[in-house]
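Worksheet: one structure, shown below.
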Amino acid sequence: MDEKFTKPYDPRATEARIYTEWEKSGHFAPKKDGEPFAMMMPPPNATGVLHIGHALGLTLEDILIRYKRMRGYAALWLPGTDHAAIATQAKVEKEINKKEGKHRHDLGREELLKRIGVFVKESRAIIEKQIRVLGASCDWSREAFTLDAARRSAVNTLFKRMSEAGLIYRGSRIINWDPRGQTTISDDEIVHEERPGKLYTLRYAKDFPIAIATTRPETKVGDVAVAVHPEDARYREFVGKEYDAVFCDVPIHIKIVADAAVDPAFGTGAVGVTPAHSYTDWEIADRHQLSHEVVVINELAKMAVSGRLKEKKTNEAREIVVEWLKAEGLLEKEEETLQNIATAERTGGVIEPLPKLQWFVDVNKEVPGRGKSLKQLMLEPVRSGQIRIIPEHFEKTYFHWLENLRDWCISRQIWYGQQVPVWYKGEEAVVGEEPASEGWVQDEDTLDTWFSSGAWTFSTLGWPEATEDLKKFHPTDVLETGYDILFFWVARMILMSEFALAEIPFRTVYLHGIIRDAEGRKISKSLGNNIDPVETVGKFGADALRMALVVGNTPGMDSRIDEEKIRGYSRFANKLWNIARFILEQSAQVGIRIRESAPGRSAESYYPSPTFPPELAGTREWKGLEVLTKDVTKDLDEFRMYVAAEKIYHYVWHELADKILEESKPILNAADQAARQSRAALLRALLGRALKLLHPFMPFITEEIYQSLPAKDAEFLMIANWPVI
RNA sequence: GGGCGGUUAGCUCAGUUGGUAGAGCACACCCCUCACACGGGUGGGGUCACAGGUUCAAGUCCUGUACCGCCCACCA
């Protein structure tokens with residue numbers, strides 16, 4: 001028996017070494033033959049370090065890929081990182097500001113990008129190391145980055161083809177402007193906060209016939225209409241009439257329109273319509289051919305009007321307007337209310353809706369050759385079951401989101417990211433590649449990071465080239481990710497893949513929940529309750545962390561983790577270590593037969609291992625393990641990793657150790673040599689099988705023990721055959 | 001306002017197609033027995049939120065109620 005077994009199991013002495021051996025062996029890459037099984041790693045943001053949520057995802061993915069690899073698939077798990085445009089730029093800008101007191105405009109575009117480039121390179125190196133520490137058996141030879149040359153080329157092509165298909169357009173539309181980040185953001189990057197506010201009831205002028213209610217009186221200088229409900233008898237006589245007024249020094253022209261979007265029961269039942277600074281008002285203006293041009297707030301969230309409001313911040317302007325209303329006797333009511341404020345997720349800035357010239361993806365227009373809109377193409381594969389979402393109820397959430405989906409604004413006014421591939425010269429514009437002639441200027445905006453990561457399932461496989469990988473591995477099989485990016489990412493991947501390849505990006509979507517701390521609180525920087533996966537691995541080992549993350553972690557459900565749970569599984573690792581020690585000791589003592597492999601006989605013919613005497617197949621112990629094998633296999637096939645992990649744990653500790661080993665002691669200590677040998681062989685076979693079943697979950701310790709077995713059926717447990725019954 | 005979850009042992013959670021309630025931790029008592037004290041043995045503890053219904057049988061299916069949570073949504 002190996003000397004190492006005399007000491008308690010120490011993951012620190014084994015994990016790094018084993019990972020290196022695996023990686024060197026080349027078995028992380030899919031083998032040449034066999035049915036393909038592919039999974040893309042959700043690329044972590046290149047903004048620093050991995051958190052415990054990443055560890056959960058990586059563990060689940062690694063369990064799946066290891067299982068499939070052992071089942072004989074050409075298993076591809078492709079790793080990568082995401083440039084995470086806004087998040088990354090914001091982080092680097094913040095650091096520069098803190099250290100040097102400089103802003104991005106002090107540095108200039110080129111210098112800032114250089115600095116971000118350095119930061120991202122470091123971040124990526126850290127992340128790659130962390131992924132290894134967790135034992136992730138991904139194919140590093142195919143590693144991708146959302147902003148490397150191949151991915152840039154894919155995104156350019158995608159942009160060009162979508163433009164040619166008429167699905168990308170540039171237009172002045174109302175967008176979510178983040179004055180703090182000085183950029184547009186998508187609907188999904190907004191978080192709503194409930195804050196106390198005031199609801200003012202006012203008139204534009206003394207002789208104006210209708211009072212309106214608003215929480216933002218300062219925007220009223222941008223009003224072009226008052227909308228009332230068509231059925232509202234109170235105001236019917238005014239519909240169609242037009243009025244002029246001077247509101248707080250600003251001349252305004254107001255038309256009364258009837259629109260069903262107005263709730264007659266709210267406020268006065270009349271809404272001041274500010275098309276340039278409100279989504280719903282923009283739509284009302286559309287329906288009544290009203291002007292969108294009256295812009296009264298600029299990108300710095302200051303008033304873009306003349307008079308006393310000139311250049312005032314919106315909150316200052318509000319006070320001025322209210323004073324003016326009071327002085328003029330136009331304020332009829334002032335009530336306390338709660339209002340939902342839209343804020344930018346990344347910067348916390350209060351969103352100011354503004355019309356701006358932006359690039360959009362049209363989700364309602366028919367895709368040429370498909371006879372359907374992108375929205376429909378996103379909907380159908382999920383509805384038909386071609387794409388399966390686990391847990392199933394997220395399909396409803398997905399449909400609900402799609403129903404409310406608007407055109408996707410894909411341009412961002414930040415510098416880090418892939419620049420919009422459009423070049424202008426005077427009135428001319430060229431999409432795709434920079435023209436050879438001189439005088440062309442590229443669009444200054446960059447693309448939403450999800451435009452690039454939306455192409456992840458195929459840009460990673462070499463698209464637009466018709467590569468072997470693309471042919472073999474797309475559509476991919478499983479996408480494992482957190483439910484919090486179902487809309488951001490999963491939906492966009494379906495859109496992109498349907499457009500670019502006219503096929504689904506993946507067959508199964510497995511959504512894991514959010515990891516919370518022991519008190520059930522979300523992990524956050526401000527709470528300081530982060531559990532650093534690498535630190536934890538250093539303390540308890542990757543195997544223990546993986547088990548703690550996976551056991552009982554049902555898809556779509558949030559889960560809690562604390563050190564006690566992880567410690568429990570590090571004890572389990574030690575338990576397994578001692579089980580191995582005992583069995584190897586006993587088999588060495590009594591001696592068990594190892595059948596020599598003969599030419600022409602494959603390892604599989606030594607079912608289930610070279611030391612397995614066929615007569616043991618009928619024993620109660622072996623049959624019990626066969627049942628477990630069947631169960632675990634079925635659980636993994638049906639994505640119940642959380643159940644499978646627990647079952648094996650329970651088997652190893654409470655069946656194999658507590659019962660079988662204890663029952664074996666008298667037999668092994670008796671005089672009957674044949675009985676002793678037979679029992680030792682049985683234990684040896686049980687151990688071998690248990691190691692295989694446990695390997696996807698606890699890859700390091702199982703591999704380490706496997707390497708000490710007197711007879712192995714493969715070079716590494718990682719590529720040994722999964723027992724199939 | 002719309003949608004989606006959750007409510008099972010003191011705590012954290014499982015419970016796959018309906019068939020007499022499970023795990024881990026914690027707790028109580030015993031044991032340093034020659035694989036392991038990072039251990040072993042024994043044991044206590046639940047009217048499965050509530051109210052109806054379907055069924056021979058419901059934690060599991062249906063209806064409703066309460067509480068907790070999440071997501072979406074600019075009643076201005």
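Just so it is clear, the structure is predicted and the values come from calculations on it, not from any experiment. Chain letters run A, B, ... following the sequence lines, proteins first and then strands; every chain starts at 1.
- Considering only heavy atoms from C-beta on, A:Ile515 comes within 4.5 Å of A:Asn553 through its side chain.
- To the nearest angstrom, P of B:A26 lies 6 Å from CD of A:Glu564.
- Taking atom CD1 of A:Ile389 as the reference point, atom P of B:G5 lies 13 Å away to the nearest angstrom.
- Across all strands shown, A:His393 has heavy atoms under 4.0 Å from sugar-phosphate atoms exclusively, and none from any base.
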Sub-3.5 Å pairs of nitrogen or oxygen atoms, protein against nucleotides 11-15 of chain B:
unit_1	atom_1	unit_2	atom_2	d
B:U12	O3'	A:Arg560	NE	3.3
B:C13	OP1	A:Arg560	NE	3.2
B:A14	OP1	A:Thr554	OG1	2.5
B:G15	OP1	A:Tyr642	OH	3.3

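- Base pairing of B:C38: no nucleotide in any strand meets the Watson-Crick or G-U wobble criterion (both distances under 3.5 Å).
- Taking the side chain of A:Arg516 as heavy atoms from C-beta on, and the options B:C70, B:C72, B:A76, the nearest nucleotide is B:C70.
- Remark: the A:Lys4 side chain and the A:Ser708 side chain contain an N/O donor-acceptor pair separated by less than 3.5 Å.
- B:G69 is paired with B:C4 under the Watson-Crick or G-U wobble criterion, all donor-acceptor distances under 3.5 Å.
- Between the side chains of A:Thr14 and A:Glu704, not a single donor N or O lies within less than 3.5 Å of an accepting N or O.
- Distance A:Trp489 CH2 to B:C71 P: 20 Å, rounded to the nearest Å.
- With B:A76, B:A73, B:G24 as the candidates, the nucleotide lying closest to the side chain of A:Asn340 is B:A73.
- Separation of the C1' atoms belonging to B:A37 and B:A21 is 32 Å when rounded to the nearest angstrom.
- A:Tyr67 and A:Asp637 share a side-chain donor-acceptor pair at under 3.5 Å.
- Separation of the P atoms belonging to B:A23 and B:G44 is 12 Å when rounded to the nearest angstrom.
- What separates CG of A:Asp631 from P of B:G22 is a distance of 17 Å, to the nearest Å.
- The side chain of A:His654 contributes an N or O atom lying less than 4.0 Å from OP1 or OP2 of B:G24.
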Check nucleotides 33-36 of chain B against the protein and report each pair of N or O atoms closer than 3.5 Å, with its distance, or say if there are none.
unit_1	atom_1	unit_2	atom_2	d
B:A35	O2'	A:Asn578	OD1	3.0
B:A35	N7	A:Lys665	NZ	3.1
B:A35	N6	A:Glu662	OE2	3.0
B:A35	N3	A:Asn578	O	3.3
B:C36	O4'	A:Asn578	OD1	3.1
B:C36	O2'	A:Asn578	ND2	3.4
B:C36	O2	A:Lys575	NZ	3.0
B:C36	N3	A:Lys575	NZ	2.8

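- Ring geometry, A:Tyr235 versus A:Phe238: the interplanar angle falls from 30° to 60°, so the pair is classed tilted.
- Taking the centre and axis of the six-membered ring of A:Tyr649, the NZ or CZ atom of A:Lys575 falls outside the cone set by 45° and 6.0 Å.
- Using a 4.0 Å heavy-atom criterion, one finds that A:Ala213 contacts the bases of the nucleic acid, with or without backbone contacts as well.
- Atom C1' of nucleotide B:C70 and atom CG of A:Leu511 are separated by 14 Å, given to the nearest angstrom.
- For A:Tyr483, the ring pair (Phe, Tyr, Trp, His ring centres under 6.0 Å) criterion is met by A:Phe394, not counting sequence neighbours.
- Summary of the strand contacts: A:His192 and A:Phe266 both lie near RNA chain B, and taking for each the nucleotide with the nearest heavy atom, the more 5' one is attributed to A:His192.
- Here A:Phe208 and A:Tyr243 bring their ring centres to under 6.0 angstrom of each other.
- A gap of 15 Å separates the C1' atoms of B:A9 and B:A49, to the nearest Å.
- Counting to the nearest Å, the P atom of B:C75 and the CZ atom of A:Arg216 are 14 Å from each other.
- Nucleotides B:G43 and B:A35 are separated by 24 Å at their P atoms, to the nearest Å.
- Nucleotide B:C25: paired with B:G10 (Watson-Crick or G-U wobble, both distances less than 3.5 Å).
- If you check every strand for non-hydrogen atoms under 4.0 Å, A:Trp282 touches nothing.
- Under 4.0 angstrom from either OP1 or OP2 of B:C4 there lies no side-chain N or O belonging to A:Trp401.
- Using atom C1' as the reference point in both B:G2 and B:A14, the two lie 32 Å apart (nearest Å).
- Rounded to a whole angstrom, the distance from the P atom of B:C62 to that of B:C4 is 13 Å.
- Under the 4.0 Å criterion applied to side-chain N and carboxylate O atoms, A:Glu663 and A:Arg679 are not assigned as salt-bridge partners.
- The structure places OG1 of A:Thr183 at 10.5 Å from CG of A:Asn176, a figure rounded to the nearest 0.5 Å.
- The partner of B:G46 is absent, by the rule that a Watson-Crick or G-U pair needs both atom distances under 3.5 Å.
- Between A:Glu621 and A:Lys659 there is no salt bridge, since no side-chain N of the basic residue sits under 4.0 Å from a carboxylate O of the acidic one.
- One finds a salt bridge joining A:Asp10 and A:Arg12 here, because a Lys/Arg side-chain nitrogen approaches an Asp/Glu carboxylate oxygen to under 4.0 Å.
- Rounded to whole Å, the distance from CD1 on A:Ile514 to P on B:G69 is 15 Å.
- Checking B:C61 for Watson-Crick or G-U wobble geometry (two distances, each under 3.5 Å) identifies B:G53 as its partner.
- Across all strands shown, A:Phe487 has heavy atoms under 4.0 Å from sugar-phosphate atoms exclusively, and none from any base.
- Using C1' as the reference atom, B:C48 and B:G59 are 5 Å apart when rounded to the nearest Å.
- Spacing between B:U47 and B:G22 at atom P, rounded to whole Å, works out to 15 Å.
- Between A:His400 atom NE2 and B:G2 atom P the separation is 10 Å, expressed in whole Å.
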